[in-house]
Every structure is written in structure tokens, then in C-alpha cells.
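Some notes on the structure that comes next.
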Amino acid sequence: MDTFNHRVSSDTDADSEEEVRETIEAVLSTLGQRISQEEGRKLAAFLPAEFETSIIDWESHSEKAFGVDEFAERVADELDVSKQEAHHRSQVVVHTLAKELTGGEESKLRNQLPTEYDTLF
């Protein structure tokens, strides 16, 4: 299991490698809907190859303004888990991503999100 996946696995209640992958993909996909396409491309460079396209929908991307509660709801719907569990998994994935970022990319990501998203970092 990749280091990124392992970090996420060890901090969530995901039962299998497949569930870990689905969690990462759901969170990154939702994050990709909230940030600019340019920032998504930059973040993709820090992700394991299998998740590079998860951060953004390259075909139909549009930045959408939604709060952290809706973020958790979207992840919960995608994973069929509670909103509370989705928020926790989102925290784990975003925190894990933030640890991978260099060159001021975490700051750039945070600047694209309202301060209420700080709870994910």
C-alpha cells in the first residue's frame, strides 16, 4: 500500500484498501470541485499517480462555492457514510495531502477556501 494510502488508512475506519481508495477519491474529487482548475493541476503533482486525476474533473470543471458542511455531505453521499464520518475522513485526506505539499502550495490551497475549511487541515 502506498504511503499516502497507508496514512489515510491508519487514521480512518476504512475496512479495506478499496475503501481507502474510494475515500481518497471522494475527498479529492469534492475538493477539486471547490478549487480552481489551476490549483487542482498543481496539487495533482503531489499526489500518488493513481489519484492525480481525482483532484479535478478535467472535462467539466467549474469552481463551485459551497461550505464545509456541504463538502462533508457530498463526501458522505459518495461514500454512503454519516456526515460526521465523512467530515473525519475528509480531515484525514486533506491533512495527509497538506503534509505532501511544498513551495507554499498549502497556503495557496487555503487561500482558495473560506476559513471554515480550516477544520479540514
Side-chain angles (χ1 to χ4, degrees):
M1 181 182 291
D2 178 280
T3 303
F4 191 91
N5 298 34
H6 181 72
R7 287 185 197 151
V8 171
S9 176
S10 66
D11 292 336
T12 64
D13 294 330
D15 294 327
S16 67
E17 287 185 36
E18 180 180 347
E19 190 174 355
V20 170
R21 278 192 305 279
E22 289 172 354
T23 294
I24 294 168
E25 288 172 356
V27 173
L28 293 177
S29 173
T30 305
L31 182 61
Q33 294 168 24
R34 187 63 182 81
I35 61 175
S36 72
Q37 192 172 32
E38 178 183 347
E39 186 61 21
R41 284 187 179 121
K42 289 177 183 176
L43 295 178
F46 293 94
L47 293 168
E50 68 181 305
F51 300 116
E52 287 176 354
T53 59
S54 299
I55 191 74
I56 198 161
D57 179 348
W58 302 101
E59 303 273 327
S60 61
H61 176 75
S62 63
E63 295 170 57
K64 298 174 184 159
F66 52 87
V68 74
D69 283 340
E70 185 174 339
F71 187 101
E73 288 173 12
R74 290 176 182 215
V75 173
D77 289 346
E78 181 75 23
L79 297 175
D80 196 25
V81 297
S82 71
K83 185 176 165 184
Q84 181 179 0
E85 178 63 19
H87 188 269
H88 171 69
R89 290 185 186 196
S90 296
Q91 286 176 312
V92 171
V93 173
V94 171
H95 182 73
T96 302
L97 172 61
K99 284 182 170 182
E100 299 290 321
L101 301 177
T102 60
E105 284 304 320
E106 180 181 351
S107 178
K108 291 175 187 175
L109 173 59
R110 285 177 179 259
N111 287 338
Q112 290 204 12
L113 302 168
T115 56
E116 69 179 302
Y117 277 80
D118 288 352
T119 62
L120 296 182
F121 291 84

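Here, residue 1 is the first one in the sequence, and each next residue gets the next number.
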First locate atom [atom1] of [X], then atom [atom2] of [Y], and finally report the distance between them rounded to the nearest 0.5 Å.
X     : Y     : atom1 : atom2 : answer
Phe66 : Arg74 : CZ    : CZ    : 4.0 Å
Thr23 : Leu79 : OG1   : CG    : 4.5 Å
Thr12 : Arg7  : OG1   : CZ    : 14.0 Å
Ile24 : Phe51 : CD1   : CZ    : 4.0 Å

- prompt: Given Ile35 and Leu43, is the side chain to side chain contact (heavy atoms under 4.5 Å, CB included) satisfied, shown in steps?
  reply: CA-CA 10 Å; Ile35 61 175; Leu43 295 178; 3.6 Å; yes

Please list, chain by chain and in numerical order, all residues satisfying side chain to side chain donor-acceptor pair (under 3.5 Å) with [X], sequence neighbours excluded.
X      : result
Glu78  : none
Lys108 : Glu105
Asp118 : Arg110
Glu19  : Arg89

- request: Please name the pair of heavy atoms, one in Ala86 and one in Ala76, separated by the smallest distance, quoted to 0.1 Å.
  value: CB-N, 3.4 Å

task: Sequence neighbours left out, what passes salt bridge (Lys or Arg N to Asp or Glu O under 4.0 Å) with Glu50? Give chain and number order.
output: none

field: Residues that Glu116 engages under salt bridge (Lys or Arg N to Asp or Glu O under 4.0 Å), provided they are two or more places apart
entry: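 Partners of Glu116 by the salt bridge (Lys or Arg N to Asp or Glu O under 4.0 Å) criterion come out as none, since no residue qualifies.
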
Hey, are the side chains of [X] and [Y] touching, using non-hydrogen atoms and a 4.5 Å cut-off?
X      : Y     : value
Pro114 : Arg34 : yes
Ile55  : Phe46 : no
Phe71  : Gln33 : no

task: Any ring-ring contact (aromatic ring centres under 6.0 Å, His included) involving residues 12-41? Give me the pairs, sequence neighbours left out, ordered by first then second residue.
output: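 Non-adjacent pairs meeting ring-ring contact (aromatic ring centres under 6.0 Å, His included): zero.
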
task: With sequence neighbours excluded, give me every ring-ring contact (aromatic ring centres under 6.0 Å, His included) pair touching residues 78-112.
output: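 Of all non-adjacent pairs touching residues 78-112, none passes ring-ring contact (aromatic ring centres under 6.0 Å, His included).
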
- request: Would you check if the side chain of Ser9 reaches a backbone N or O of Asn5 as a donor-acceptor pair within less than 3.5 Å?
  value: no

message: Leu113 vs Leu31, test: side chain to side chain contact (heavy atoms under 4.5 Å, CB included). Steps then yes/no.
response: CA-CA 10 Å; Leu113 302 168; Leu31 182 61; 4.2 Å; yes

task: Show the numbers, then the answer: is there a side chain to side chain contact (heavy atoms under 4.5 Å, CB included) between Leu47 and Glu100?
output: CA-CA 8 Å; Leu47 293 168; Glu100 299 290 321; over 6 Å; no

Considering residues at least two apart in sequence or located in another chain, which fulfil the side-chain contact (heavy atoms from CB on, under 4.5 Å) criterion with [X]?
X     : result
Ala45 : none
Val94 : Val27, Leu120, Phe121
Ser82 : Gln84, Glu85

- request: Check the surroundings of atom CG in Asn111: do more than 12 heavy atoms from other residues, nucleotides or ligands lie under 6.0 Å from it?
  value: yes

Listed partners of Phe4 passing ring pair (Phe, Tyr, Trp, His ring centres under 6.0 Å), at least two apart: none

